[in-house]
Amino acid sequence: SSFNVGIVGATGAVGKEIVGVLEKRSFPVGALRIFGSERSAGKEVDTKFGRVTVELFSESSARECDVVFLAVDGDFSLKHAEAICEGNDGAVVIDNSSAFRYKEGIPLVVPEINSDATKGKKLIANPNCTTAIGLMAIWPLHKLFGLKKMVMSTYQAASGAGQPGMDELMEGTRSVLSGEREVAENKIFAHPLPFNVIPHIDKFQENGYTKEEMKVTWETRKICGLPDDFPVSCTAVRIPTSRAHSESIVAIFDKPVDVALARKALEEAPGVKLVDDIANLKYPMPLTATGQYDVEVGRLRKNIAFDNALEFFVVGDQLLRGAALNAVVVAEKMVENGALKAKAVV
Ligand code: 2RA
């Protein structure tokens, strides 16, 4: 059957990618509806599903859909997500914000890892992009050797702050290269990003970590079904690239590790492309991972500082694997497991 699909925030960076992924994966869209604020209502968006006129968002109109993707901020989700999905005639909601990720009873899903958690559910939380990208590589290794602790250092693209973040990077770089400015202007990021790195993403917490870093800790535990005190430490850094996040990961396991076995597991893992041929200078990079559905994994080696540990480098497109692709594959899995059904045509 085909599904009536709604997107809130389809004119933003993630929302645009959700339309693209629905098109590319030929998701069975009966009708596509795009909801927005007064500012975007009336705009026309050309899609493979036809020219769509942006409708002013209302809970009642969103509820008419079979599934609604939320690509807006957490405040909007907190206010409307539950009203859109409640009751049998509500819509399934797949929320890209962090509003419900840590809430008991709301599944937080990387579909290649824990799509079963969506069975019988109406509201699904998409993980933080940084978590989703790293766990694509961690999960197959966890199944093989039993993850014991993890340290992640990230190098995150400007797209994490949406189109405004990408625009600030490009415009700032241009202004310095043209000689207009000594140092680029910064409004979105805490400091100028061009020719710089900023070890600060989201708000600082009491424990000295940022919320972005703690999201990796909290979400790894929930998605992988690990204990609430499972040791995960992250340092999240913004770097001047446009839309792919890179992550250096040290993973310590319960069992002795075998690099050849690890390579084989990564080669066979869904959503992962092993790019690891140092003799030919092949390793993951934003340059090659951008626009790809699979995350690139490489620089795989036995860690020399800890027992039973592997070290590797992962790069994934933050707007795709980090958000839009993850959300659409969640919907696909929900169609497969019956959690997403097309409403009876009235
Ligand atoms: C960032 N992961 O990169 C966060 C939110 N998208 O800014």
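As the structure is a computational prediction, the values presented were derived from the model and not from experiment. Whatever order the structure lists them in is the order used to number ligands and atoms, beginning at 1.
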Does a salt bridge link [X] with [Y], judged by any charged N lying under 4.0 Å from a carboxylate O?
X: Arg33; Y: Glu64; result: yes
X: Lys264; Y: Glu267; result: no
X: Glu296; Y: Lys282; result: no

Knowing that exactly one of Val314, Ile249, Thr220 qualifies, which makes a side-chain contact (heavy atoms from CB on, under 4.5 Å) with Leu135?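 Answer to the side-chain contact (heavy atoms from CB on, under 4.5 Å) test with Leu135 among Val314, Ile249, Thr220: Thr220.
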Applying a heavy-atom distance cut-off of 4.0 Å, which protein residues contact ligand 1?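 Ligand 1 is contacted, at a heavy-atom distance under 4.0 Å, by Asn128, Cys129, Thr130, Gln156, Gly160, Ile201, Glu212, Arg238, His245, Gln318.
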Measure up the Phe313 and Tyr155 rings against each other and bin them: parallel (under 30°), tilted (30 to 60°), perpendicular (over 60°).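 The rings of Phe313 and Tyr155 sit tilted, inter-plane angle from 30° to 60°.
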Please confirm whether the ring centroid of Phe57 lies under 6.0 Å from the ring centroid of His80.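 That pair passes the under 6.0 Å test.
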